[in-house]
Amino acid sequence: MDRMFNFKSEVKPEWVDYNGHMNDAAYAAVFSYAVDSVMEFFGLTKEVIENEKYTLFTLETHLCYLNEAHLGEELHVDLQLLDVDSKRLHAFFTMKNAKEVVIATSEQMLMGMDQEIGKPAPFLPHLKENIDHVWNNHQWIEKPKQAGRVIGIKKK
């Protein structure tokens with residue numbers, strides 16, 4: 001696992017709203033598809049999910065809309081792990097266009113789940129190995145400025 005995670009998509013016609021750019025729900029959808037892709041990247045394929053009855057759930061997400069995306073525009077999503085424990089990933093996804101302009105970010109907490117008992121469970125050994133490999137590289141990267149933000153109206 002020496003490659004970097006990167007999910008690619010493009011703005012589809014059904015994602016464009018009355019403002020002429022990608023609808024806010026579509027940003028969330030792209031990040032959701034990126035989570036599916038990161039699961040496969042770590043080795044949590046459909047077959048593993050079916051056979052092992054194990055998956056990842058998204059517990060929380062914080063999305064920042066930074067720029068508009070337009071019909072047909074190429075999008076790619078990168079991953080930075082901000083923290084990891086035995087069953088959780090604190091993940092930060094950055095969506096950029098072909099010109100490397102940051103379009104949006106999504107900070108997420110993902111948790112390993114045993115589907116048979118419906119409860120959190122530690123990562124499967126091969127997942128943990130792949131996650132640890134990425135974490136060993138990411139733990140030294142500076143946290144993005146959008147990470148850890150809190151929603152609120154600033155008072156003067």
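Side-chain atoms are counted along with the backbone in the values below, which use heavy atoms only and exclude waters and symmetry mates.
- The shortest distance between side-chain heavy atoms of Met95 and Leu66 does not fall below 4.5 Å.
- Atom CG of Leu124 and atom OH of Tyr54 lie 5.5 Å apart (nearest 0.5 Å).
- Phe93 and Phe31 have tilted rings, their planes meeting at an angle from 30° to 60° on a 0 to 90° scale.
- Atom OH of Tyr33 sits about 8.0 Å away from atom OG of Ser9, to the nearest 0.5 Å.
- Leu56 CG to Ile49 CD1: the interatomic distance, rounded to the nearest 0.5 Å, is 7.5 Å.
- For the atom pair CD1 (Ile103) and NZ (Lys96), the distance works out to 11.0 Å, reported to the nearest 0.5 Å.
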**Residue pair His70, Glu68: steps toward the side-chain hydrogen bond (donor to acceptor under 3.5 Å, both in side chains) verdict** = CA-CA 7 Å; His70 297 93; Glu68 295 177 0; 3.1 Å; yes

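- Scored by the side-chain contact (heavy atoms from CB on, under 4.5 Å) test, Lys99 finds Asn97, Val101 as partners (sequence neighbours excluded).
- Through side-chain heavy atoms spaced under 4.5 Å, either directly or across other Ile, Leu, Val, Met, Phe, Trp or Tyr residues, Leu59 is tied to Phe57, Met109, Met111, Met113.
- Note on Phe92: it does not cluster hydrophobically with Leu63, by side-chain heavy-atom contacts below 4.5 Å among ILVMFWY residues.
- To the nearest 0.5 angstrom, Asn6 atom CG is 6.0 Å from His76 atom NE2.
- Partner of Phe42 under the side chain to side chain contact (heavy atoms under 4.5 Å, CB included) criterion, chosen from Thr45, Leu44, Val38: Val38.
- Using a 3.5 Å distance cut-off with no hydrogens or angles, the side chains of Thr94 and Thr105 do not pair a donor with an acceptor.
- Between Phe5 and Phe41, the two ring planes are perpendicular [angle over 60°; tilted spans 30° to 60°].
- Considering His62, His90, Lys143 as possible partners of Glu107, the one that fulfils the side chain to side chain donor-acceptor pair (under 3.5 Å) test is His90.
- Between Pro144 and Leu82 there is a side-chain heavy-atom pair separated by less than 4.5 Å.
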